[in-house]
Amino acid sequence: MTKHFFGDTAALLGRSLRHITRSADTIITTTIMPIAMMLLFVYVFGGAIKTGSDSYVNYLLPGILLITIASGIAYTAFRLFMDMKSGIFERFQSMPIARSSVLWAHVLTSVLANLISLVVVVLVALLMGFRSGAGALGWLAVAGILVLFTLALTWIAVIPGLTAKSVEGASAFSYPLIFLPFLSSAFVPTDTMPGPVRAFAEHQPVTSIVNAIRDLFNRQPVGADIWTALAWCVGILIVAYLFAMATYRRRIA
């Protein structure tokens with residue numbers, strides 16, 4: 001059964017990746033917005049924002065990476081919605097394949113597509129002056145956090161992809177996720193915010209994830225932030241996965 005699942009997932013993953021290569025504009029679109037935002041904040045607003053860091057792009061990049069992921073997963077919901085609308089899911093159910101492999105193929109496609117977008121954003125940041133003192137282990141830790149975050153948000157994206165009534169509805173859920181980093185330490189230190197906003201910013205998942213990635217990039221002690229970040233990512237991932245699978249079972253029942 002396990003071999004059957006992995007083989008089916010690999011075959012369906014190849015199908016999803018071929019769709020992406022035929023419409024590379026999806027990856028381009030998800031990278032243009034974060035890069036444009038990074039350019040705007042660094043070269044227009046950066047001089048007026050005091051972060052205590054020598055380079056604002058160094059301070060800003062972790063938040064931009066999370067925004068890149070949040071904008072990229074909208075396409076996961078879109079692709080799922082289009083598969084549901086086209087009837088391909090019903091066709092898959094009539095074939096002798098592992099049922100969960102259909103969802104996992106979309107999820108793994110999202111992870112790979114987002115990793116490509118993240119690499120492009122980091123390369124642009126390097127051209128803008130981003131520098132990191134992190135070693136190989138630090139970069140691996142950052143990559144691990146980003147992959148976990150991508151998986152967590154992707155399983156959230158599966159739910160509207162399966163339940164939305166329109167294309168707009170399938171992707172609209174990502175807007176609050178894109179906005180969430182603005183209410184965190186991604187762009188400015190939280191101690192500059194008014195009381196209620198600061199309280200929210202300091203206790204939402206993006207702040208701990210951003211702080212952990214920033215400390216890893218700067219080769220600073222990460223303290224409790226990395227454990228808080230991992231707890232948020234794993235917790236969201238588990239809850240989103242359970243809800244997504246329950247939704248999927250209802251749709252194919």
Side-chain angles (χ1 to χ4, degrees), residues 1-17 19-20 30 65-85 88-90 92-93 97-118 141-165 169-178 180-181 204-206 208-209 212-213 226-253:
M1 181 62 183
T2 301
K3 184 178 179 181
H4 191 45
F5 166 78
F6 284 115
D8 294 340
T9 301
L12 293 171
L13 174 61
R15 167 186 173 266
S16 295
L17 291 176
H19 286 176
I20 288 182
T30 58
L65 295 177
L66 299 194
I67 290 175
T68 303
I69 295 170
S71 60
I73 60 163
Y75 283 96
T76 302
F78 169 77
R79 287 189 293 267
L80 266 171
F81 174 81
M82 295 306 295
D83 275 358
M84 294 293 294
K85 189 176 179 64
I88 193 69
F89 267 43
E90 287 77 6
F92 285 147
Q93 298 312 309
I97 63 174
R99 291 190 172 188
S100 60
S101 63
V102 179
L103 287 187
W104 273 105
H106 279 284
V107 170
L108 293 177
T109 300
S110 172
V111 172
L112 292 174
N114 275 291
L115 284 176
I116 294 172
S117 298
L118 291 171
V142 169
I145 293 172
L146 292 175
V147 169
L148 266 179
F149 187 71
T150 303
L151 279 171
L153 293 196
T154 300
W155 280 107
I156 292 176
V158 167
I159 300 169
L162 293 171
T163 59
K165 303 300 182 184
S171 56
F173 82 99
S174 65
Y175 299 149
L177 299 178
I178 295 172
L180 200 57
Q204 59 120 322
V206 170
S208 58
I209 297 171
I213 294 174
I226 192 167
W227 302 114
T228 305
L230 290 174
W232 272 114
C233 289
V234 173
I236 294 170
L237 172 58
I238 292 172
V239 173
Y241 173 78
L242 293 175
F243 272 98
M245 292 305 295
T247 304
Y248 180 56
R249 284 192 290 268
R250 285 197 300 270
R251 289 303 306 265
I252 65 175

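Residues take their numbers from the sequence shown, with the count starting at 1.
Side-chain atoms of L103 and L80, non-hydrogen and from C-beta on, do get closer than 4.5 Å to each other. Residues V158 and T247 form no side-chain contact, since every pair of their non-hydrogen atoms from C-beta on lies 4.5 Å or further apart. Annotation: side chain of L177 is not in contact with side chain of I69 (no heavy-atom distance under 4.5 Å).
Distance SG/C233 to CG/L146: 8.5 Å, rounded to 0.5 Å. Here H106 contributes atom NE2 and F78 contributes atom CZ; the two are 11.5 Å apart, rounded to the nearest 0.5 Å. Note that OG1 of T68 and CD1 of I73 are 12.0 Å apart. Values are rounded to the nearest 0.5 Å. Taking CG of L162 as the reference point, atom CZ of R250 lies at 9.5 Å (rounded to 0.5 Å). The CE atom of M245 sits 9.0 Å away from the CH2 atom of W104 when rounded to the nearest 0.5 Å.
Of the residues listed (T150, L65, I213), the one engaging I145 in a side chain to side chain contact (heavy atoms under 4.5 Å, CB included) is I213, and it is the only one.
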Discussion item. For F149 and L66: C-alpha separation, side-chain torsions, deciding distance, then whether side-chain contact (heavy atoms from CB on, under 4.5 Å) applies.
Written reply: CA-CA 8 Å; F149 187 71; L66 299 194; 3.7 Å; yes
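Residues satisfying the side chain to side chain contact (heavy atoms under 4.5 Å, CB included) test with Y175, not counting sequence neighbours, are A172. By the side chain to side chain contact (heavy atoms under 4.5 Å, CB included) test, I238 pairs with V234, L242, sequence neighbours left out. Annotation: side chain to side chain donor-acceptor pair (under 3.5 Å) contacts of T154 (sequence neighbours excluded): S110. Residues satisfying the ring-ring contact (aromatic ring centres under 6.0 Å, His included) criterion with Y241, sequence neighbours excluded, are W155. Taking the side chain to side chain contact (heavy atoms under 4.5 Å, CB included) definition, one finds that L180 meets it with F200, Q204, V206, sequence neighbours left out.
For residues 231-240, no pair satisfies side chain to side chain donor-acceptor pair (under 3.5 Å), with sequence neighbours left out.
In this structure, the side chain of T76 does not engage the main chain of G72 through any donor-acceptor pair within 3.5 Å.
Taking each heavy atom of A152 and L237 in turn, the nearest pair found is CB-N, 3.8 Å. Taking both residues in full, the closest heavy atoms of A157 and A77 are given as O-CB, 3.5 Å, listed atom of the first, atom of the second, then distance. Shown here for I159 and A240, the closest heavy-atom pair between the two residues is CD1-O, 4.2 Å.
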